[in-house]
Every structure is written in structure tokens, then in C-alpha cells.
S.K.: 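Take this structure first; my questions come after.
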Protein chains: 2
Amino acid sequence: MNELTIARAEILKAIAQPTRIKIIEFLRDGERCVCEIFPAIAEEQSNTSRHLKMMQSCGILARRKEGLKIFYALKHSEVLGILELVLSILKKEISGRNGLLQVV
Amino acid sequence: MNELTIARAEILKAIAQPTRIKIIEFLRDGERCVCEIFPAIAEEQSNTSRHLKMMQSCGILARRKEGLKIFYALKHSEVLGILELVLSILKKEISGRNGLLQVV
DNA sequence: CCACTGTATGATTGTATGCTCATACAGCAA
DNA sequence: TTGCTGTATGAGCATACAATCATACAGTGG
């Protein structure tokens with residue numbers, strides 16, 4: 001199996017999960033502390049921590065320490081671009097299905 | 001949990017898998033028959049069939065029947081755009097790590 | 001030192017995923 | 001009809017994932 005293909009799947013998998021998408025959306029406006037992130041997305045601290053670690057080790061999040069607090073931020077704006085493209089697929093799909101519904 | 005967030009994760013999950021990425025790449029130039037796809041990506045017929053079905057029910061592949069043969073095609077060019085963005089993340093990550101290596 | 005806050009991690013559980021093998025099914029041809 | 005080709009699917013298995021709870025760890029302040 002092609003290494004590059006596996007690496008691409010890894011990056012995409014790191015985005016393809018609801019909790020992680022919520023994190024990414026919350027980080028859209030810039031760096032945030034863990035203690036801000038998990039209440040904002042309404043997930044447990046431990047669960048949030050694991051997702052953050054996962055995305056950081058995949059290279060899509062940056063991590064910065066400041067005393068007790070840990071700040072995470074998006075490293076690549078492409079991640080937001082990917083979510084945009086997904087949204088536009090969804091929009092087309094939904095309108096396509098509406099079309100079908102009208103026919104039926 | 002937000003419905004839209006789950007839907008976005010679903011679409012991304014449908015792409016975030018090596019075998020499915022190979023299929024998508026193979027369909028880049030247009031519609032192909034199953035009997036062309038599975039030898040091209042070097043996977044079993046049954047496995048390929050499942051992945052094709054999965055992507056079709058997610059709405060990212062179109063399916064057309066012609067006699068015995070079934071043809072699949074990409075429905076949204078955004079899918080290729082997503083793969084492009086992932087590639088550019090990977091390129092930046094790899095060069096970043098090379099940079100680190102040079103420092104160390 | 002101790003207590004406290006913020007973050008990470010071990011253990012566990014239930015569920016989902018990807019693959020393989022065998023088999024079923026659909027459509028054509030003899 | 002029978003046989004053949006192309007595709008889909010059921011069963012089983014091994015592995016991966018996400019979530020939770022409890023606990024550990026790091027850093028600060030008293």
C-alpha cells in the first residue's frame with residue numbers, strides 16, 4: 001500500500017469525527033486554552049484532551065504551554081478549506097434529494 | 001449533537017480510508033466499471049464492492065447499470081479538491097519535519 | 001511542605017470498521 | 001433451460017475507535 005495514500009487517509013481521519021470537527025470550528029478564530037475548549041463543545045475534559053492530542057500528533061493542531069494552561073491552535077488553514085468543501089457537497093446533496101422528493 | 005456536524009463527519013469518513021482514496025483517484029478521469037476498478041487498485045472484488053456501495057450511499061459516487069456491468073463515477077469535484085488540500089497539508093508537514101531534522 | 005487548578009492517561013466497555021471466504025443474485029448467451 | 005460473467009452480500013474475525021471513570025501528573029500559590 002502506498003505510503004502517501006495512508007498518510008492522506010490519516011489526516012482526513014483526524015478531521016472526520018464530530019467532536020473533532022466541533023473543536024476545529026471552535027479554533028477557527030484562533031488559539032484557545034483547553035479549559036475554554038471542552039466547555040464550548042460540551043464534551044468531557046478527558047475526551048477533549050484525547051482528541052486534541054490526536055490532532056496534534058497528526059500535525060493539524062499546534063500546542064503551546066503557558067503555566068498550567070495549554071493552548072491549541074489550527075496549524076493549517078487548509079483544514080477549514082476542507083470543511084468548506086464538505087459543506088458544499090452536503091448542500092448539493094441535500095438540494096438533490098429535495099429535487100427527488102419533489103419528483104416523487 | 002448537531003446534525004450538520006455529524007453529516008460532515010460522515011462525508012469525510014467516506015473519503016478517509018486508503019482503499020477508498022485509491023478508488024477516488026482511479027475515478028479522477030471519469031466513470032469506470034467495477035471490473036476495471038478492483039484490479040486497478042489491487043483489492044478483492046467483494047471488498048471493493050463494499051467500499052463503492054458505502055461511497056455511493058454517502059452521496060459521493062454515482063452508480064449506473066449497463067447490462068451486467070456497473071459503472072461508478074465521482075459526483076462532486078469537491079472530493080478531489082479535498083484530496084488536494086490534504087496533500088498540501090502533508091507537504092507542509094513533511095517540509096516542517098525536515099526543517100526540524102536539520103536543526104537537530 | 002500542602003492544597004489546588006488544569007491537563008493527560010490507564011483501564012474498561014460498547015460499537016464500528018475493514019477484510020476474507022463463500023455464496024447469492026442479476027443479466028446475458030447458447 | 002443451463003452455464004457463464006459481473007456484482008453484491010452474509011458470516012466471521014481481528015482490530016480500531018470513542019466515551020467514561022478514576023487517577024496521575026505538572027505547575028502555581030499559600
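Just so it is clear: chains get the letters A, B, ... in the order the sequence lines come, proteins before strands, and each one is counted from 1.
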S.K.: Check the phosphate of C:dT20 against B:R50, side-chain N and O only, distance under 4.0 Å to OP1 or OP2. Yes or no?
M.R.: no
S.K.: In this structure, how many angstroms lie between the P atom of C:dG6 and the CZ atom of A:R63, rounded?
M.R.: 16 Å
S.K.: Report the nucleotide, chosen from D:dT20, C:dG6, D:dT7, that has the shortest atom-to-atom distance to any side-chain atom of B:I70.
M.R.: D:dT7
S.K.: Is it possible for you to check whether B:R32 lies under 6.0 Å from the centre of the six-membered ring of B:Y72, through NZ or CZ, and within 45° of that ring's axis?
M.R.: no
S.K.: Figure out the CD1/C1' separation between A:I23 and C:dT7, and round it to whole Å.
M.R.: 14 Å
S.K.: Under 4.0 Å between a side-chain N/O of B:K53 and OP1 or OP2 of D:dT9, yes or no?
M.R.: yes
S.K.: D:dC21 C1' sits how many Å from A:E43 CD, rounded?
M.R.: 15 Å
S.K.: Rounded to the nearest Å, what distance is computed from the CD atom of residue A:Q56 to the P atom of nucleotide C:dT7?
M.R.: 14 Å
S.K.: For A:Q45, report the nucleic acid contact type (base, sugar-phosphate, nothing); a contact means any heavy atom under 4.0 Å.
M.R.: base
S.K.: On DNA chain D, does the nearest nucleotide to B:Y72 precede the nearest nucleotide to B:L68 from the 5' side, or the other way round? Give the residue.
M.R.: B:L68
S.K.: Given atom CD of A:E44 and atom P of C:dT13, what is their separation to the nearest angstrom?
M.R.: 17 Å
S.K.: A:R32 has an atom CZ; how far is it from atom P of C:dG6, in whole Å?
M.R.: 16 Å
S.K.: C:dA22 phosphate, OP1 or OP2: any side-chain N/O from B:S46 under 4.0 angstrom?
M.R.: no
S.K.: Can you check whether B:L12 reaches A:L83 side chain to side chain, under 4.5 Å on heavy atoms?
M.R.: yes
S.K.: B:K13 side chain N/O closer than 4.0 Å to the phosphate oxygens (OP1, OP2) of C:dT17?
M.R.: yes
S.K.: Looking at A:F71, I'd like to know if the NZ or CZ of A:R63 sits under 6.0 Å from its six-membered ring centre while staying within 45 degrees of the ring's axis.
M.R.: no
S.K.: Does a side-chain N or O of B:H51 approach OP1 or OP2 of C:dT17 to a distance below 4.0 Å, or not?
M.R.: no
S.K.: Please test A:E25 against A:K22 for salt bridge (charged side-chain N to carboxylate O under 4.0 Å, His left out), starting from the C-alpha separation and ending with a verdict.
M.R.: CA-CA 5 Å; A:E25 289 289 357; A:K22 287 193 291 181; over 6 Å; no
S.K.: Check the side chains of A:E43 and A:T48 for a donor-acceptor pair under 3.5 angstrom, ignoring hydrogens and angles.
M.R.: no
S.K.: Please report, rounded to the nearest Å, how far the C1' atom of C:dC19 is from the CG atom of B:N47.
M.R.: 5 Å
S.K.: Measure CZ/A:F71 against P/D:dA26 and give the value in whole Å, please.
M.R.: 20 Å
S.K.: Whether A:K65 contacts C:dT7 is assessed here as follows: a side-chain N or O lying under 4.0 Å from the phosphate OP1 or OP2. Is that the case?
M.R.: no
